[in-house]
Amino acid sequence: MAMPRRLKRIYALHDFESAARRHLPKAIFQYVRNGAGEEFSLRRNRRIFDSLLLRPYRLRDVAQRDAGVTLFGHRYAQPFGIAPTGGAAMIRYNADRLEAAAARAANVPYSLSANSITPLEDVIRINPETWFAAYLPDDLAIVDGMVDRVSRAGYKVMVITVDVPVAAQRLAETRAGYTMPIRPRLRVAANVAFYPRWLFGTAGRNFLRLRQPRIANIRPGNGPGLFSRELSAVGGSSGFTWDHIERIRARYPGKLVLKGILRPEDAARAARIGVDGIVVSDHGARLLDHVITPLEAFAEIKAQAGTMAVMVDGGFRQGSDVLTALALGADAVLVGRPFLYASALAGRAGVEHAIGLLGKDIDRGMAMLGVSRIADLTADFVQRV
Ligand SMILES: Cc1cc2nc3c(=O)[nH]c(=O)nc-3n(C[C@H](O)[C@H](O)[C@H](O)COP(=O)(O)O)c2cc1C
């Protein structure tokens, strides 16, 4: 299939952001792009790579290269996956389904966010390897009901996002008029009018098909509608604790992953209670400004992780970023925003293009570093400066 015209000048993951900016209403674009507070951590997630430099070997035979990794018993083609991102179907009609399909075709990990309007039962039919990323409240009946629903649907990996005790404040999206639950505002409507493709192609189609779209995956039964006040509670569950994790561990037969770990003590505790994996993550710097970046926290956490799979995310954009984390001991890297921009720009073809670009950059980087397999990447490849 010929490449859509919109993708012709997209050479790297960074290029998707400026291209998507032209296709999305301001409030929606800022919802994806922005970080918490003054965005100190958002910038630092990128700047951290300034102090981590790669040291290549020369004259090794790198003619055959394999970037594949095994996670939770499945062999993936790439050492990176698509991070869970809530509200994806607001950015592109059917984004949850098309991201799942693109990830399956490329054999990379894909996580469906609980904060989505597509029922989790539909998504796993498209991609049986989908991971489910849950936002759970402290109410035990809801927790048990959700765990059972996720197991029943056939999910083999459940990620619990543990870093959102209260709703975050992000200034750029707030200033641009983004609200959840949706509260129609004149100035937002005036801006949306400049984006008829989004208005009819994404928002319009969602409302036509679903009438009253609901967050489909935060309750065992029907979730709250996008205009409902109950939505303010999404993600924020300040009474959710380790006791809940232990209960979930006992109830969920699949692989359990905690996302949002930034302290070695928490990693050690997760390992002790039988968690299978963690994502060292600052949630893309969307929650707490001035929080430590995942790569700065990484080594200490890895040392306490035992046999758990350790993933990392936040600001990974090019092959060298991913290779750096793998050399420091990560089992895989997750990437968030670029896949949303890619789906906004060109749907499934955009997401496949993004996966392809990052995959090629990793492959090139491996050859340049003198490694044929991901397991060959060791900490001595990284020099801190
Ligand atoms: C628009 C948006 C929505 C997100 N929603 C969720 C979510 O529902 N659950 C979750 O665990 N993380 C969520 N995240 C965080 C991502 O999973 C991931 O940690 C982060 O995007 C990684 O940083 P990056 O975007 O710089 O790659 C979201 C991120 C973005 C940008």
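Index from 1, following the sequence. Hydrogens, waters and symmetry mates play no part in the numbers below; they use all other heavy atoms, side chains included. Both ligands and their constituent atoms are indexed starting at 1 by order of listing. All values reported here derive from a predicted model rather than from experimental measurement.
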Looking at Arg97 and Asp122, is there a salt bridge between them, counting it only when a charged N and a carboxylate O are closer than 4.0 Å?
yes
Just distances here: any N/O of Tyr31 and N/O of ligand 1 closer than 3.5 Å?
no
List the closest protein heavy-atom neighbour of atom 15 (C) of ligand 1: residue, atom name, distance to the nearest 0.1 Å.
His283 CD2, 3.5 Å
Which heavy atom of the protein is the closest neighbour of atom 8 (O) of ligand 1, given with residue, atom name and distance?
Ser113 OG, 2.6 Å
Ignoring hydrogens and geometry beyond distance, is a side-chain donor-acceptor pair present between Gln318 and Asp361 at under 3.5 Å?
no
Can you tell whether the side chains of Asp139 and Arg219 come within less than 4.0 Å, N to carboxylate O?
no
Contact partition for Arg317 relative to ligand 1, non-hydrogen atoms under 4.0 Å:
side chain
Without swapping roles, check the side chain of Arg286 against the backbone of Ala36 for a donor-acceptor pair under 3.5 Å.
no
Below 3.5 Å, N or O to N or O, backbone or side chain included: is there any such pair between Ala83 and ligand 1?
no
Between ligand 1 and Pro84, can you find any atom pair, the residue atom being a heavy atom, that is separated by under 4.0 Å?
yes
To the nearest 0.1 Å, how far is atom 5 (N) of ligand 1 from its closest protein heavy atom, and which atom is that?
Gly86 N, 2.8 Å
Taking the six-membered ring for Trp, are Tyr76 and His74 ring centroids under 6.0 Å apart?
yes
Are side-chain heavy atoms of Leu112 and Trp131 found at a separation under 4.5 Å?
no
Counting only nitrogen or oxygen atoms and a 3.5 angstrom limit, does Lys259 reach ligand 1?
yes
Indicate, as side chain, backbone, both or neither, the part of Thr161 found under 4.0 angstrom from ligand 1 when only non-hydrogen atoms are considered.
side chain
State whether the shortest distance between N or O atoms of Tyr135 and N or O atoms of ligand 1 falls below 3.5 angstrom.
yes
Tell me whether Val32 has any N or O atom under 3.5 angstrom from an N or O of ligand 1.
no
What atoms of ligand 1 come within less than 4.0 Å of a heavy atom belonging to Val335?
27 (O)
Between Tyr178 and Arg170, do the side chains contain a donor N or O and an acceptor N or O under 3.5 Å apart?
no
So Leu334 and Ile82, do their side chains get closer than 4.5 Å, heavy atoms only?
no
Those atoms of ligand 1 less than 4.0 Å from some heavy atom in Gly315
23 (O), 24 (P), 26 (O), 27 (O)
Validation row: Val279, Leu258 side chains within 4.5 angstrom (heavy atoms)
no
Quick check on contacts: which atoms of ligand 1 are under 4.0 angstrom from a heavy atom of Ser281?
19 (O)
Does an N or O from Asp313, backbone or side chain, lie closer than 3.5 Å to an N or O of ligand 1?
yes
Just checking Phe29 against Tyr341, ring centres under 6.0 Å apart?
yes
Which heavy-atom pair separates Leu369 from Leu377 by the least distance, and what is that distance?
CD1-CD2, 3.9 Å
Please determine whether any non-hydrogen atom of Ala133 lies less than 4.0 Å from an atom of ligand 1.
no
Consider every N or O of Leu340 and every N or O of ligand 1, then say whether any pair is closer than 3.5 Å.
no
Which protein non-hydrogen atom lies closest to atom 21 (O) of ligand 1, naming both residue and atom, and how far is it?
Gly336 CA, 3.6 Å
